[in-house]
Structures are given as structure tokens and as C-alpha cells.
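These numbers come from a predicted model, not from an experiment.
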Amino acid sequence: MSSASDPLAALAGLPGVAESVDSVRKAVDRVYGHRVMRRRSAEITSEAALRGARGSAALSGADWALEEVRRRTDFGSEPEARTVGAALRLTAEAGQLLSIWRQSPLRVLARLHLVASGSTAEGDVVGRPRLAGESVSEPLVEAPLPGAEEVAGRLDGLSRLVIAGGSAPALVTAAVVHGELLALRPFASYNGLVARAAERIVLINSGLDPKAVCPAEVGHAEQGRAAYLAAFEGYVSGTAEGMAAWFAHCGRAVELGVRESTAVCEAMQRGAA
């Protein structure tokens with residue numbers, strides 16, 4: 001498919017993106033080559049899921065210590081707890097939706113919002129894009145909110161790109177899916193969590209991270225909310241420089257997720273985990 005008919009592949013040609021893609025690929029290869037991964041990959045996957053959920057929740061305003069997330073069982077008592085619970089449910093659910101994603105991404109997104117909302121949402125706003133006049137609860141993202149008609153059109157376009165596939169690197173596709181969902185905020189709530197869960201699905205489903213041991217959410221959180229939002233503003237700007245900055249930020253997030261799982265591997269190897 002030519003870049004003219006594959007807009008995601010065209011974005012991969014932006015300055016610096018190829019370097020980010022190459023750096024991410026090398027980092028992922030290193031952690032997959034770790035000797036602990038050959039024997040205990042399921043444990044690394046489980047730990048990466050927990051840490052990824054913690055990172056995603058932190059970016060949505062619930063910045064809990066990892067051990068607090070690990071020990072808690074009640075996630076319905078107050079807003080921060082509900083956010084952490086939603087992040088944990090999404091991370092667990094993402095792996096169940098891989099086979100559906102390439103055929104029906106909108107169905108997957110609806111399911112992700114339903115899972116995130118749990119029993120806290122009311123009415124018929126769960127699991128569907130918002131309608132004209134419906135409000136959105138996403139206080140940490142201040143970008144202009146597109147209208148419902150624009151949301152529907154851009155979601156359809158995003159769905160078509162995912163279904164069509166193409167030659168774009170996984171990092172580029174994941175970053176576009178993440179950025180577009182954050183820009184649109186198509187649901188009444190939990191859009192940031194859903195956007196990061198969708199990014200996770202793309203990274204796994206593409207074959208870049210098939211065992212889900214490279215939690216980009218960890219890296220997004222480690223870079224800090226201010227850097228995350230600044231990079232996102234670059235995506236929203238639509239400029240070549242802004243988009244390239246967003247791709248670089250997402251690439252760095254994956255690399256930091258790799259570093260996190262590598263540290264877990266090293267701890268297991270030492271017998272400390």
C-alpha cells in the first residue's frame with residue numbers, strides 16, 4: 001500500500017519517527033531476549049499489567065503507590081479508587097479483545113468503556129459515543145472538545161484505518177489511536193483510560209509486544225503528566241513537528257515500560273521477586 005493510500009505509513013516518514021521506531025524495536029527485543037522471559041514470561045506479563053494499570057490511573061488523577069494498588073480489594077469507595085479499579089479492569093480486559101480489534105475496533109472501544117465504567121455509570125451513556133449536548137468528565141485534558149458529529153466521523157475514519165491495516169509501524173499506529181481517542185473523548189467518562197488501553201491493544205496485536213510485557217502506560221506516567229499533556233498538544237496541533245513530538249513521547253513511553261519489566265526480570269533472577 002502506498003503512503004498516499006496509507007496515511008499512517010506517511011506519518012512514519014516524519015522527522016525522527018524512524019529513529020524512535022528503531023529504538024523501540026531494539027528495546028523490546030532486549031527484554032524478550034532476557035533469560036527470565038524464557039522461563040517466567042507469564043509472571044512478567046502479570047506484573048506488567050499491574051504496573052501498567054497503576055501508571056494509567058496516575059495519569060487520570062489517581063497516583064497511588066504500586067503496593068497500594070497491589071493490596072487493595074475495594075475500588076468503589078471514592079473517585080480515585082474507582083479510577084484505579086477501572087484501570088485494572090481495562091488492563092485485564094484488553095487481552096480478551098485482541099481477536100476482535102482488527103475486525104471491529106469500534107466494538108472493542110465500546111466494550112472498553114463499559115468495562116471501565118463498571119457499575120458506577122447511570123443511564124444509557126455507557127459503551128457508546130456521546131450524543132450532541134452530552135457532557136464529558138475528563139478534567140485533566142483541557143483541549144477543545146469536538147462536537148458529537150465530528151466525533152462520529154473521526155471514529156469511523158479511525159476504524160477504517162485499523163481495519164485496512166497497512167505498513168505503518170506498530171508504534172505509529174498505537175500513538176495515533178491513543179492520540180485520536182484522547183482528542184475526541186468520545187465517551188462520557190474514562191476516555192484517557194480507554195485511550196491508553198487501546199494503545200496497549202495495538203502494541204500487543206501488532207506483534208511488537210505479543211506477551212504484553214512492555215507497558216507503555218508506565219512510561220507515560222514516568223515522564224509525568226505535564227510532559228504527557230504537552231506531547232498530546234503536539235498531536236492535537238496536527239503539525240509535523242507536533243505529531244513527531246507525540247510519536248517520540250509514545251516511543252519513549254514504551255522504552256520506559258521495557259525498562260520497568262527488565263528490572264522485574266532482574267529482580268526475579270536475583271531471587272528478590
Side-chain angles (χ1 to χ4, degrees), residues 1 6-8 45 49 52-53 56-57 60 82-83 85-138 141 145-168 170-212 215-217 235 250:
M1 183 178 290
D6 186 356
L8 294 181
T45 296
S56 190
S60 286
R82 289 197 294 272
T83 297
L88 288 167
R89 291 193 299 273
L90 282 173
T91 303
E93 185 73 10
Q96 310 303 313
L97 300 172
L98 300 177
S99 63
I100 306 172
W101 175 254
R102 289 296 292 270
Q103 286 73 44
S104 184
L106 297 185
R107 179 181 164 195
V108 169
L109 294 175
R111 175 63 184 169
L112 290 175
H113 185 244
L114 179 65
V115 168
S117 299
S119 60
T120 64
E122 298 179 355
D124 64 348
V125 300
V126 179
R128 64 155 175 82
R130 55 188 166 84
L131 304 177
E134 291 180 340
S135 61
V136 174
S137 175
E138 200 71 44
V141 180
L145 189 67
E149 185 174 347
E150 181 181 350
V151 168
R154 287 172 63 177
L155 278 178
D156 181 67
L158 183 64
S159 175
R160 289 174 183 272
L161 285 174
V162 170
I163 293 170
S167 60
L171 174 64
V172 171
T173 303
V176 168
V177 168
H178 181 172
E180 193 70 358
L181 292 174
L182 202 59
L184 295 178
R185 280 147 288 162
F187 301 110
S189 58
Y190 297 117
N191 289 285
L193 294 179
V194 168
R196 291 183 288 275
E199 178 186 49
R200 164 181 282 267
I201 287 173
V202 174
L203 292 172
I204 298 170
N205 210 29
S206 66
L208 177 66
D209 181 23
K211 294 185 178 180
E217 306 97 322
Y235 177 85
C250 291

To the nearest 0.5 angstrom, please state how far the [atom1] atom of [X] sits from the [atom2] atom of [Y].
{"X": "Leu203", "Y": "Thr173", "atom1": "CG", "atom2": "OG1", "result": "9.5 Å"}
{"X": "Arg130", "Y": "Leu145", "atom1": "CZ", "atom2": "CG", "result": "4.0 Å"}
{"X": "Leu114", "Y": "Phe187", "atom1": "CG", "atom2": "CZ", "result": "10.0 Å"}

Minimum side-chain heavy-atom gap Asp6-Leu161 below 4.5 Å: no
Shortest non-hydrogen contact from [X] to [Y]?
{"X": "Pro146", "Y": "Ala183", "answer": "CD-O, 3.3 Å"}
{"X": "Val176", "Y": "Leu158", "answer": "CG1-CD1, 4.3 Å"}
{"X": "Arg89", "Y": "Ala116", "answer": "NH2-O, 2.7 Å"}
{"X": "Leu182", "Y": "Gly192", "answer": "CD1-CA, 3.7 Å"}
{"X": "Ala53", "Y": "Leu88", "answer": "CB-CD2, 3.6 Å"}
{"X": "Leu131", "Y": "Arg128", "answer": "CG-NH1, 3.5 Å"}

Between [X] (side chain only) and [Y] (backbone N and O only), is there a donor and an acceptor less than 3.5 Å apart?
{"X": "Thr91", "Y": "Ala87", "value": "yes"}
{"X": "Thr45", "Y": "Lys211", "value": "yes"}
{"X": "Glu138", "Y": "Asn191", "value": "yes"}

Verdict with reasoning, Ile201 to Leu112, per side-chain contact (heavy atoms from CB on, under 4.5 Å): CA-CA 11 Å; Ile201 287 173; Leu112 290 175; 4.1 Å; yes
Aromatic ring pairing His113/Tyr190, orientation class (parallel under 30°, perpendicular over 60°, tilted between): tilted
Restricting to side chain to side chain donor-acceptor pair (under 3.5 Å), what partner residues turn up for [X], sequence neighbours left out?
{"X": "Asp209", "answer": "Tyr32"}
{"X": "Ser60", "answer": "Arg196"}
{"X": "Arg200", "answer": "Glu217"}

Return a table of donor-acceptor pairs under 3.5 angstrom between the side chains of residues 94-111 and protein atoms on other chains or two or more places apart.
unit_1, atom_1, unit_2, atom_2, d
Arg102, NE, Val162, O, 3.2
Arg111, NE, Glu93, OE2, 2.9
Arg111, NH2, Glu93, OE2, 3.4

Residue pairs fulfilling salt bridge (Lys or Arg N to Asp or Glu O under 4.0 Å) with at least one residue in residues 152-167, sequence neighbours excluded: Glu150-Arg154, Arg154-Glu180, Asp156-Arg160
Non-neighbouring partners of Ala170 that pass side chain to side chain contact (heavy atoms under 4.5 Å, CB included), sequence neighbours left out: Ser206, Leu208
